[in-house]
Each structure stands twice: as structure tokens, then as C-alpha cells.
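One structure follows; several queries about it will come next.
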Amino acid sequence: MASDNLAFALGEWHPPGSSRSVTSGLVEAGDRLVASDETGAELAGGSLSTIDISARVGRVPRRVTFPDGSLFETDDNEAIDRFLSRKGRAGAGIVHRLERFHPRLIAFVAATILLGTLIYRYALPALVEVAVVVTPPILPRIMSATTLETMDRTLLGESKLDEARRGRIVDGFRRIASVSAAGRVAYTLNFREGGPIGPNAFALPDGTLILTDELVELAGDDTEMIVGVLAHEIGHVEHKHSLRQIYRAAGVAALIMLIAGDIGSGAEDVLVEGGGLLALSYSRAAEAEADRHSVELMMKAGLDPTAIARFFELLEAKLDDHSETSIFSTHPGTPERHKAILDLIAELRKG
Amino acid sequence: MVLAEPLPAQSVGQASFGRAAPGDFHRLSFTGNGSEYFGIWIVNILLTIITLGIYSAWAKVRRNRYFYGNTVLLGRGFEYHARGGQILIGRLIVFAYLILYNVLLTFAPLAGIALVLLFLCFVPWLVARGLRFSARVTSYRNVRFDFVGRAGGAFLAFIIGPILAALTLGILAPLASRWTYRYIGSNLRYGQRVFSTDPSVGAIYKTWGISAAILVLGLLIIGFIAFLNIALVSTAMENPDFLPGAQLSLAVLAVLGYVLILSIFGVAALVYRAGVRNVAWSATTFDGRHRLLSDLSRLRYTWIAISNFVVTLVTIGLMRPWAAVRMARYVNEHTGVRFDGNVGEIFSAIAQEGSAVGAEFMDIEGFDFGF
């Protein structure tokens with residue numbers, strides 16, 4: 001090495017596109033930067049503006065790429081940083097300085113958790129609303145058709161209800177459907193035998209309602225009660241609850257993948273599932289909303305708004321369901337819902 | 001290609017799970033550490049949030065530069081050359097496509113559906129391009145990797161294979177694994193030199209058999225437990241006067257069963273993944289004469305993956321950097337190459353085809369297909 005041109009960093013030099021390596025040193029020569037071999041002969045060089053020096057990441061070796069495509073590689077990150085700051089350039093770079101292991105990282109962790117929570121609480125619901133608004137109407141139709149098809153094949157059977165009973169329910173259903181915001185044409189009622197899903201009623205996002213024979217049997221002669229339950233299901237459709245649920249789950253999954261990037265495939269799966277569990281608490285809010293909708297529709301149609309409350313009484317009595325709301329339940333505790341409905345009716349009658 | 005010629009190390013990977021390999025294999029190592037990566041990781045997350053996701057492209061570059069750079073063979077690390085801008089452009093194109101698709105679906109549903117079908121036809125091509133991008137932005141000793149696989153091979157390996165495996169309930173999964181490894185392993189290039197893989201289906205079936213046994217045994221045990229409790233469950237369903245809170249305990253049971261089944265599938269998948277990797281890598285040659293080796297212990301690999309996962313979950317993700325580094329270190333230390341001849345001479349002779357470097361700047365990456 002020539003004594004007047006001392007190398008400030010030692011490393012390996014590769015000719016362009018070759019894996020052959022030469023022990024080399026980096027030398028500052030005026031405004032040029034030169035890679036020289038052990039005898040001091042120049043291997044490659046160029047002015048600083050034509051040379052690409054890779055950013056610093058941990059202790060990963062720095063790459064110095066010369067205009068001729070040759071490469072100098074060194075472990076001596078500090079020397080490169082000193083050289084760069086001598087030249088008035090940012091040495092290690094802001095990002096690397098932030099990344100260094102330092103108590104400051106605790107503040108970053110706190111900030112990340114705080115921002116993450118804020119996104120979950122405020123940004124995600126807002127995005128879900130936007131997504132619901134821009135969803136093409138054909139999507140719920142496709143979703144509903146395939147869901148009904150699958151359920152018919154696997155779970156549901158043909159209804160065995162007699163015509164008269166069916167007629168009474170359909171009459172009541174028409175009354176409430178015609179006072180709903182979307183009108184009567186938006187909803188179709190299907191009778192099915194519940195099989196393994198038992199007494200149940202549910203709504204698909206395109207306005208297809210399904211009522212099981214078992215629920216009708218459970219209600220006995222109280223047709224109005226069944227109509228109250230159907231009004232509740234119409235509430236789910238009107239508030240687009242299932243669509244919101246899907247977008248929420250998708251949004252949580254996308255957030256996890258985008259933000260964490262590298263969280264491992266197993267952890268990703270479970271976090272997404274955990275997001276689903278959290279979505280259940282959202283579904284409790286949705287149930288309460290649908291309950292309120294039932295009360296409002298029944299009052300508009302001139303029917304007894306307490307019908308759905310009677311249904312909860314029935315559940316309590318027949319199934320002895322006094323369960324409290326818990327993290328595993330999709331529906332709020334029955335007694336709690338019952339009370340909320342009666343409170344609402346009292347309030348609406350007052351107003 | 002000298003593939004047909006029997007090579008002495010042919011059966012090394014299958015015979016030596018968990019033990020040091022015989023012969024003069026040069027093993028990889030991992031020089032990164034958890035605390036250093038923690039800083040990179042948390043800053044990546046924070047900046048990604050603050051920039052509304054835009055930084056995620058640069059975050060990926062820094063993460064990969066850290067992991068590639070610390071993956072060391074013969075004292076030299078690998079390098080990752082992709083730039084944040086390239087990755088961001090790819091992601092923006094995907095984003096624009098999704099918006100276009102939604103707009104079309106609203107105003108012209110048929111055109112929207114056509115767009116989906118069009119996209120599905122392009123998937124194999126995109127996979128092949130993604131693999132090529134990943135290869136071309138990776139270098140070792142100043143020489144880039146390259147990938148020459150075409151859409152047809154990707155279609156077989158990534159679409160037909162998984163469908164076939166799923167339709168046969170996993171019985172043909174080894175065939176799918178073989179196609180995937182052969183597609184990746186035989187289309188990979190380093191300089192002008194060729195990688196070549198031809199794992200035998202028989203060897204993959206051997207390792208598959210263990211996973212299948214774990215799965216069947218695990219499900220039988222769960223089935224047995226469920227059978228013992230069937231009386232309890234059926235009373236709960238049929239008898240309306242059943243204890244209060246029955247619904248809750250049923251929900252807890254369902255969640256428990258779900259977790260159990262999930263973990264059995266997880267263990268079987270991890271054991272299979274480690275086994276197939278051993279078989280496929282150990283059946284790989286570079287330049288027709290240098291042998292690759294993988295000798296992961298299936299038990300240890302599964303343990304590391306599962307304990308990593310639990311630790312990450314319990315620490316709400318904060319130990320994830322430590323876990324990632326721990327896994328990288330284990331996998332690298334059980335991966336090696338045996339060079340036929342003088343290592344210095346071999347590497348002096350390897351130079352790169354001109355095309356691979358320049359093309360990098362025209363390539364973009366939108367889809368993350370692991371490489």
C-alpha cells in the first residue's frame with residue numbers, strides 16, 4: 001500500500017459481474033474514491049457522485065459499487081460512515097440510527113402499540129364503512145346464492161309446515177317488509193327444516209331470509225313473535241351486518257400482514273383467527289341494533305313491538321337460557337337483550 | 001448434465017437427519033442477533049404505520065438485507081439488491097388493479113368477472129416473474145442468481161399440484177412437493193451455472209408417511225375423547241332443562257377442539273416441511289458436481305417453530321425478532337454445500353451473464369411469493 005494514500009477501510013474487491021475476489025483497501029484520492037490492491041495499484045475508482053454506497057443495515061457488510069460495475073465490500077461500517085460524514089453526507093442514515101438497540105426503542109414500542117390501537121378503533125371502522133358503500137351490488141347476490149346452495153346441500157331440509165301456518169307467517173312478513181326502507185321486493189322468505197341448526201332464523205346479505213320449522217314450532221300459536229324475529233333479520237340486512245363483518249375480518253388480516261410483515265405464517269394465522277374472535281364483540285353490537293330495528297318495524301307496521309321480547313322470554317323459559325354475555329358468545333345475554341328492548345319501547349312510546 | 005450418474009452423497013440427507021453430515025460439507029451460518037434485528041423490526045413497523053403503509057416496501061428491503069446479509073457461506077454473506085421503489089411500484093399496480101376491478105364490478109359486472117378470469121390466467125406467469133425477481137435481486141460474491149422457469153412449470157407446480165393434493169386429501173401431496181421443488185431447483189441459475197433437483201417420490205413418501213401417521217393418530221385420539229363426551233354433548237342438545245350455562249361450556253369445548261385439531265395439523269405440516277426440504281435439497285446439485293445438503297432434525301425444527309410461535313404470541317409479538325433469528329440460525333446451520341474441487345478456483349471461474357443485472361431495473365415485484 002502506498003504510504004501517502006492510506007486505505008481507510010479494508011475489504012474485498014470484485015471485478016464487474018465476477019465472483020473472483022481481490023483483497024483491497026478503500027483510498028480517498030482528492031475528490032475520487034479508489035479501491036486499490038495490496039501493491040497500491042488502482043483496481044477501480046470514480047468521483048463520489050458516480051459511486052453507489054449501500055445504506056447501513058445492522059452489521060451487514062457495505063457495498064461500494066464503482067461506475068465500471070465492480071464492487072468493493074467491507075465489514076468496516078464505521079469507517080464508511082466516518083468517510084461519508086467527512087464528505088458532508090449522512091453517514092449511517094437516519095433510519096439506521098433509529099434502529100440501533102437503545103432505550104429509545106421502548107418509546108417506539110409504546111408508540112407502535114398506541115398507533116395500532118388507534119387504527120383498530122378508528123381507521124378500521126371508517127375503512128369498513130367506505131368498503132360497504134363502494135361494494136358492487138352483484139357481490140352480495142353471488143355470496144348469498146352460493147351460501148344458500150351450500151346450506152341446502154349440507155344442513156337444511158325441505159319444510160314440512162302446513163299451508164295455513166305458512167300463509168299466516170307470510171302475511172305478517174309482507175306487512176313488515178313493505179314498511180322497511182328497501183320495500184317488499186327486497187326480501188324473500190324461505191321455509192326450511194333446520195336439521196342440525198335447530199330453531200333458527202337468519203338473513204343472507206341480498207335479503208334472502210330463512211326460517212326453520214323448529215323455530216315455528218317453538219313459537220307455537222304466536223305468529224306475531226315469528227314476525228318479530230323476521231323483523232330482526234331484516235334489520236341485519238338493512239344495516240349490512242354480514243358485509244361489515246367480512247370487511248372487518250379482511251381488514252384486520254390485511255393490517256396484520258402489512259404492518260408486521262414478518263410475523264411467521266403460524267402466528268399470522270392465529271392473529272387472523274384472534275381477529276375473528278374480536279369481531280364477535282362487534283357482532284353483539286350488531287344484534288342489539290337488529291333488535292332495535294325489529295321494534296321500530298313492528299311499530300310502523302302496527303304490530304306488537306314486544307313480540308321479539310316475548311321470543312327472548314320464551315328462550316329463557318324453554319331453554320333455560322340465562323347465560324351472561326361472554327367473549328365466546330355471538331349474541332348478548334338473553335335477559336340483557338330482553339330488558340334493552342322493553343326500555344326502547346318505553347322510550348319510543350314516550351317520544 | 002451428470003444427473004444420472006450416482007453420486008456418493010446422494011442419500012446423505014435422508015440418512016442423517018439431525019446428525020452432522022459426513023464429508024467436507026461447508027455449512028451456512030447466521031450471524032445476525034435478536035436485539036439488533038429488534039431495532040430494525042420495530043422501526044419498520046412504526047414507519048409503516050406513520051407513512052400509511054408506503055414504507056412497507058422499504059421495510060421489506062431492510063428486513064431482507066438483514067437476513068440475506070447475515071446468511072454466511074464460506075465467510076461471505078448473501079446480498080439483497082431490490083429497491084423500495086421497485087417493490088412499491090409493484091404494490092401500487094396491484095392496488096390499482098383491485099380498484100379498477102371494484103369499479104368495473106359496480107358499473108359493468110360482466111367486465112369485472114372477465115377481469116377476475118383474466119387475472120387467474122395470469123397467475124402462473126406472475127409466479128414465474130416473482131421468482132425471477134427474487135432470484136435476480138439476490139447475489140453471492142458479486143454474482144447474481146437468476147431464474148429461468150416459465151409459466152407452464154409454475155402452473156403445474158403451484159396450481160395443478162396443490163389442487164391435486166387437496167382433492168386426494170393429501171395423498172398426492174408428495175407429488176406436488178416434487179413438482180414444486182423441481183420447478184424451483186432446476187430453473188435456478190448462479191452466474192451461468194445450473195442448479196438441478198430431482199428428489200425421488202419414494203423418499204418424499206417416506207417422510208410424508210410420518211406426518212400422515214401423526215395426523216391419523218392425533219385425530220383418532222380427539223375422536224376418542226369426543227366419543228367419551230358424546231353423552232354429555234347430546235344431553236346438552238336434547239334436554240331443554242340442561243344446566244344453565246350449557247351453551248357457554250359447549251362454546252369452550254368447541255374452541256378447545258378447534259385448537260387441538262389445528263395444532264395436530266400444524267405439527268404434521270411442520271414435520272413434513274422439514275422432511276421434504278431435507279430430501280429435495282440433498283437431491284440438488286450445482287453445476288452438475290457440487291452437492292447441496294439439508295439435514296434438519298424434524299423434531300427439533302418442529303419444536304423451534306412451535307415454541308417460537310408460543311413465545312411470540314405470549315409477548316404480543318415483541319419476541320418475534322428473536323424467534324425469527326433463532327429459526328434462521330437453525331435452518332442455516334443445517335444447510336450446506338460440498339464443493340467438488342478447490343473452492344477458491346471454483347469461485348474465481350464463476351462470472352455472471354450480462355442480462356441478469358440490467359433486467360433487474362425493469363422488473364417489479366407485486367406478489368410476495370416466498371423464495
Side-chain angles (χ1 to χ4, degrees), chain A residues 12 14-21 54-55 57-61 63 69-71 73 95-96 98-102 105 108-109 111-113 115-116 119 131 134-139 198 258-264 266-267 269-271 273-274 277 318-324 326 328-329, chain B residues 31-32 35-50 53 56 59-60 62-63 65-66 69-70 77 79 102 105-106 109 112 140-143 191 240-242 244-245 247-248 251-252 255 266 305-306 308-309 312-313 317-318 320 323-324 327 347-348 350-352 354 357:
Chain A
E12 300 269 324
H14 296 282
S18 164
S19 64
R20 191 163 62 83
S21 68
S54 67
V57 178
R59 282 168 298 146
V60 167
R63 296 192 298 261
S70 70
L71 175 84
E73 211 180 31
V95 178
H96 173 73
L98 291 176
E99 286 169 348
R100 258 183 238 193
F101 200 71
H102 186 275
L105 289 183
F108 288 1
V109 169
T112 304
I113 292 173
L115 285 172
I119 289 172
V134 302
T135 298
I138 194 173
L139 268 187
L258 181 70
I259 293 175
D262 159 52
I263 51 171
D269 289 343
V270 163
L271 282 176
E273 305 272 328
L277 210 63
K318 282 216 174 172
L319 299 179
D320 205 12
D321 177 8
H322 301 297
S323 57
E324 299 290 318
S326 80
F328 293 117
S329 47
Chain B
T31 53
S35 56
E36 193 178 50
Y37 179 50
F38 183 85
I40 296 168
W41 177 81
I42 194 78
V43 171
N44 273 349
I45 295 178
L46 192 61
L47 290 180
T48 297
I49 293 178
I50 290 173
S56 71
K60 180 179 178 157
R62 290 190 79 79
R63 180 173 73 240
R65 279 196 64 202
Y66 189 76
N70 283 305
E79 287 189 62
N102 262 292
L105 213 51
T106 310
Y140 177 69
R141 299 175 78 108
N142 195 33
V143 170
D241 300 324
F242 195 63
Q247 265 193 321
L248 175 64
V252 172
V255 169
I306 290 175
N308 271 355
F309 169 64
T312 304
L313 213 60
L318 290 179
R320 173 62 200 164
M327 185 50 114
F347 279 105
S348 287
I350 297 177
Q352 157 168 293
V357 189

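Keep in mind that what you see is a predicted model, and the values were worked out from it rather than measured. Letters A, B, ... mirror the listed sequences (proteins, then strands); counts begin at 1.
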Minimum heavy-atom distance A/V60-B/R65, with the two atoms named: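 The answer is CG2-O, 3.6 Å.
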Side chain / backbone / both / neither for B/L318 at chain A, heavy atoms under 4.5 Å: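 Interface part for B/L318: side chain.
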Which residues share a salt bridge (Lys or Arg N to Asp or Glu O under 4.0 Å) with A/R63, sequence neighbours left out: B/E79
Test item: side-chain donor near acceptor, A/S18 and B/R141, under 3.5 Å: no
A/V109 portion near chain B, given a 4.5 angstrom heavy-atom threshold: both
Set of residues satisfying side chain to side chain contact (heavy atoms under 4.5 Å, CB included) with respect to A/I138, sequence neighbours excluded: A/P136, A/R141, A/I142, B/L105, B/P109, B/I113
Separation of B/N142 CG from A/S19 OG (nearest 0.5 Å): 8.0 Å
Reported CG-to-OG1 distance for the pair B/L46 and A/T112, which is rounded to 0.5 angstrom: 4.0 Å
For the student: nearest non-hydrogen atoms of A/P61 and B/G69, plus distance: CD-O, 4.4 Å
Straight-line distance of A/R100 CZ to B/I40 CD1, nearest 0.5 Å: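 It comes to 11.5 Å.
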Working for side-chain contact (heavy atoms from CB on, under 4.5 Å), residues B/W41 and A/L105: CA-CA 10 Å; B/W41 177 81; A/L105 289 183; over 6 Å; no
CZ-CG distance between A/F108 and B/L47, expressed to the nearest 0.5 angstrom: 8.0 Å
Between CD1 on residue A/I113 and CD1 on residue B/I49, distance to nearest 0.5 Å: 10.0 Å
Any donor-acceptor pair under 3.5 Å from A/R59 side chain to B/E36 backbone: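 A pair under 3.5 Å: no.
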